[in-house]
Every structure is written in structure tokens, then in C-alpha cells.
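Just below is one structure, and these are the notes that go with it.
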Amino acid sequence: MAETNVSSSRPLVRFIGVRKTFDGRTLVVRNLDLDVLEGEFLTLLGPSGSGKTTTLMMLAGFETPTAGEITLAGRSLAHLPPHKRDIGVVFQNYALFPHMTVAENVAFPLSARRIGRADAEVRMARALDMVRLGGFGARRPGQLSGGQQQRVALARALVFEPRLVLMDEPLGALDKQLREEMQLEIRRIHERLGVTFVYVTHDQGEALTLSDRIAVFNDGAIQQLDAPRELYERPLNAFVARFIGENNRIPGIYAGMDGLLCAIRVGAGSLVRARPIDLNGVGGQATLSIRPERVRLGPLGGAPGPSANAFPAEVREVIYLGDHVRVRVAALGVDEINAKIPVALLAADVTPGAAVTIAWDAEDCQAFKPE
């Protein structure tokens, strides 16, 4: 993940009380207050229909807020058309002109801004070099791979040196290997240029890889805005815990506090100690969340290492995945609790049907009210 320190940066973009409805009844974006810091890579992450793309489109000028205000560098964007906002935009479908060469596609924003020919050629060549396509200027988009077309679209968004670049699901059409390559390319360009990026995706791995901060959207509102590690390690509610990364989810009843930890009664009455994050009152329904990589396995009757939580379990499935093994066990009244175990640490007797102990530290377990 990016490690840029944005804590002292000033806001470049501000959303102030922004709402958006398309039908006059349902708010797609609800009372959005959001600052995008100068020079940061901010990702808007969420499921389909969560409001993230609509937020981006309002910033780009392709949608108009129903209420509220959006500013760029202190200037209201209310009556400014898209081409005058000093914003580069990259779409999922690239939106390249098929009848133009790569060089003509990249230079198009410069001609629209009446940049002189000599200056435009220098900028165009520099932009193509930046995305490692320096020798491709004479080709047409149809002669390029998907990854190369995406690089052309990125070069076109950067060629006029905007203060802000918006990217809407830009890697969605690429295969896994190309997506990962382009993630590194985009991250490298951001670090080199220091341009502010606002990036929309539903891919959590992509967001964790690229971002300085991530705004997790659901139902038209930001559920949490934080650095990638904070989101992963310290989600603020059950939705964020479920949406960011993989989690084991165990239902239970909030039984009370135990010092700084809470006790959740699960299964046939076992008590699990966890960090209380967002709970109803004592006696209310609760959901425990534990990452598979934090679950440990050991022989029945013993806890592998210091742990506040250890319970008997039965192995249901063992899947070899190269660098780790996924072990599915039944325990605590739940038939599917997953553990990710490094291959070198998996005992030979962990096979389907085996009786084992599962354990995890209380600090790695979080308790929420159900969604």
C-alpha cells in the first residue's frame, strides 16, 4: 500500500453536504462531506449502487448535485463544465477514438485547449514515455492489447498536467495479471508526479494496494474513511469488516464486558472474548469477526500459543493453495470457520475428520451488532 503522509495536506477537493437523487425520492448520495487532500491517492470503494461512481461523476461534471456544494482548490464547480475543471478522467472502457493514432488520442485534450503544435508534441511524447509506450504513437487503439489501451487512456488524462485525475473502474476489463501490473504502474506514476488521484473500484485488493486513504461507501454514505491498514485492522462496523478482506463471521449474544474486552456467548454457550466495536445492549444479537490468517490450529485440548480464545473443532476440508493451506473447520455451532495456515506450519495429522483446537487472540476478534 502507499505510505504517503497526507495528514498535513490541505484539501484540494471538498464535498459539502452533497446529495444526489435521480428520481426525486431515493438518495443515491446522502449528505456527503468529504475532503480530498492535495497529492493523495483516495479510493472510493463499495458495492454496486453504493454511490461511489455517482460521487465521481459529480466531481467530473457529468452529473449535477441535487443539493450541496463541490469545490476544487476553493472554487465552486457548480456552473463549470467538465472541460474547464482541470480534471483528467479515465473510464473503464478507455473511450479512445478508434480512427485516431495513439499519438493523436493522447494529444486530443491539448488541441481542445488550443495548445501550440510544438508544445503539444513534446507533452504527448512525454506522456507516452511516462506510461512506457514511447514507440507506439503511430499505432491505432485496435492494434493494442487491453493493458496498452488503458495506458494510452491514462497518458491522455495526464497529458495536459491536471491537478486532479479521476479513474472509474479503470482496470475492470483486464485479466488478473494485467490488473496487477497496471496497479503497480498507476502507483508508480502517482508517486512520481504527486498528482491527486480519486479512484473508484469495487475491488478491495486494488484499493488496499493503491491508496493512501479509502472511503468505503454503502447505501449512499461513507461508512469509514481511513488508511488501508486501519480499515483492515480496525473496521468501525460490520459492513466494513465484511467488505474489506475475508472474515469468519460467528453469530452470538452480547453477554457483557470483561475489562476492556466484551464477552459474546456463542454455540452451546461458549464465551468468546473480543474487542467491542459497535454493539447493542447486553442480551442483544452480535456478530464476531475474525480474519482467517489470525486463526491458529493445534492438537485437541491445547491452545497453540497464548490466547484468550480456544475451542474444540472438527476439520471439514483442507485445500492446498501453494504458499498456504486453507483449513475449514466446524466449531461454536458454525459449520464454516476458515483458517489460513502457512504450509510449513500445518501439522501432518490435520486432515478431514480430525479433531483439533482452534484459537485466536482476543485482540484479533471484533464484535459488532448484526448488519
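As the structure is a prediction and not an experimental result, all values here were calculated from the model.
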Euclidean distance, [Y] [atom2] relative to [X] [atom1], rounded to 0.5 Å:
| X | Y | atom1 | atom2 | answer |
| --- | --- | --- | --- | --- |
| D203 | T209 | CG | OG1 | 8.0 Å |
| F91 | L96 | CZ | CG | 11.5 Å |
| N338 | N248 | CG | CG | 5.5 Å |
| Q224 | L45 | CD | CG | 11.0 Å |
| E181 | L171 | CD | CG | 11.0 Å |
| Q366 | T287 | CD | OG1 | 12.0 Å |

Answer whether the closest heavy-atom distance between the side chains of [X] and [Y] falls below 4.5 Å.
| X | Y | answer |
| --- | --- | --- |
| M58 | V18 | yes |
| K52 | E169 | yes |
| L288 | I290 | yes |
| D364 | V295 | no |
| V165 | L158 | yes |
| I253 | I264 | no |
| P82 | I87 | no |
| I337 | R328 | no |

Listing request: all ring pair (Phe, Tyr, Trp, His ring centres under 6.0 Å) pairs with a residue in residues 101-139, at least two apart in sequence or in separate chains.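 Only F97-F108 qualify under ring pair (Phe, Tyr, Trp, His ring centres under 6.0 Å).
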With sequence neighbours left out, which residue pairs that include part of residues 313-337 fulfil the ring pair (Phe, Tyr, Trp, His ring centres under 6.0 Å) condition? none
Restricting to pairs with a member in residues 137-148, which pass side-chain hydrogen bond (donor to acceptor under 3.5 Å, both in side chains), not counting sequence neighbours? S145-Q148
Scan for side-chain hydrogen bond (donor to acceptor under 3.5 Å, both in side chains) pairs involving residues 252-273, sequence neighbours excluded, and state none if there are none. D258-R273
Quick one: do [X] and [Y] end up in the same hydrophobic cluster if we chain Ile, Leu, Val, Met, Phe, Trp and Tyr together by side-chain heavy atoms under 4.5 Å apart?
| X | Y | result |
| --- | --- | --- |
| V198 | M57 | yes |
| I244 | L225 | no |
| I250 | L271 | no |
| L72 | F197 | no |
| I16 | V28 | no |

Counterpart residues, ring-ring contact (aromatic ring centres under 6.0 Å, His included), relative to Y199 (two or more places apart):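 For Y199 the ring-ring contact (aromatic ring centres under 6.0 Å, His included) partners, ignoring immediate neighbours, are F41.
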Are any of the side-chain nitrogens in [X] or [Y] under 4.0 Å away from the carboxylate oxygens of its partner?
| X | Y | answer |
| --- | --- | --- |
| R126 | E161 | yes |
| K340 | E246 | yes |
| R163 | D86 | no |
| E230 | R213 | no |
| E233 | R291 | no |
| D175 | R179 | no |
| D33 | R14 | no |
| R188 | E191 | no |
| D361 | R296 | yes |
| D226 | R234 | no |

Apply the test side-chain hydrogen bond (donor to acceptor under 3.5 Å, both in side chains) to residues S289 and N247: give CA-CA distance (whole Å), side-chain angles for both, the deciding distance (0.1 Å), then the verdict. CA-CA 6 Å; S289 175; N247 272 288; 2.6 Å; yes
For [Y], is there any backbone N or O sitting under 3.5 Å from a side-chain donor or acceptor partner on [X]?
| X | Y | result |
| --- | --- | --- |
| Q149 | L144 | yes |
| K20 | T64 | yes |
| R275 | C365 | no |
| N218 | S50 | no |
| D119 | I115 | no |
| S211 | I214 | no |
| R156 | P109 | no |

CG of L260: more than 12 outside heavy atoms within 6.0 angstrom?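 No, CG of L260 has 12 or fewer neighbouring heavy atoms, counting only those of other groups under 6.0 Å.
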Any residue meeting salt bridge (charged side-chain N to carboxylate O under 4.0 Å, His left out) with R75, in chain and number order, not counting sequence neighbours: none
Please determine which of L193, V159, L154 meets the side-chain contact (heavy atoms from CB on, under 4.5 Å) test together with M130.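 Among the candidates, only L193 passes.
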So which of V200, L59, V36 actually passes side-chain contact (heavy atoms from CB on, under 4.5 Å) with L44?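 Result: among V200, L59, V36, V200 is the only option passing the side-chain contact (heavy atoms from CB on, under 4.5 Å) with L44.
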Let me see the working for Q285 and N280 under side-chain hydrogen bond (donor to acceptor under 3.5 Å, both in side chains), right down to the final yes or no. CA-CA 7 Å; Q285 298 288 325; N280 294 313; over 6 Å; no
Pair D35-R10, salt bridge (Lys or Arg N to Asp or Glu O under 4.0 Å): steps then yes or no: CA-CA 9 Å; D35 286 353; R10 60 185 180 183; over 6 Å; no
Can R132 and E185 be said to form a salt bridge (Lys or Arg N to Asp or Glu O under 4.0 Å), step by step? CA-CA 9 Å; R132 305 184 188 184; E185 195 75 36; 3.4 Å; yes
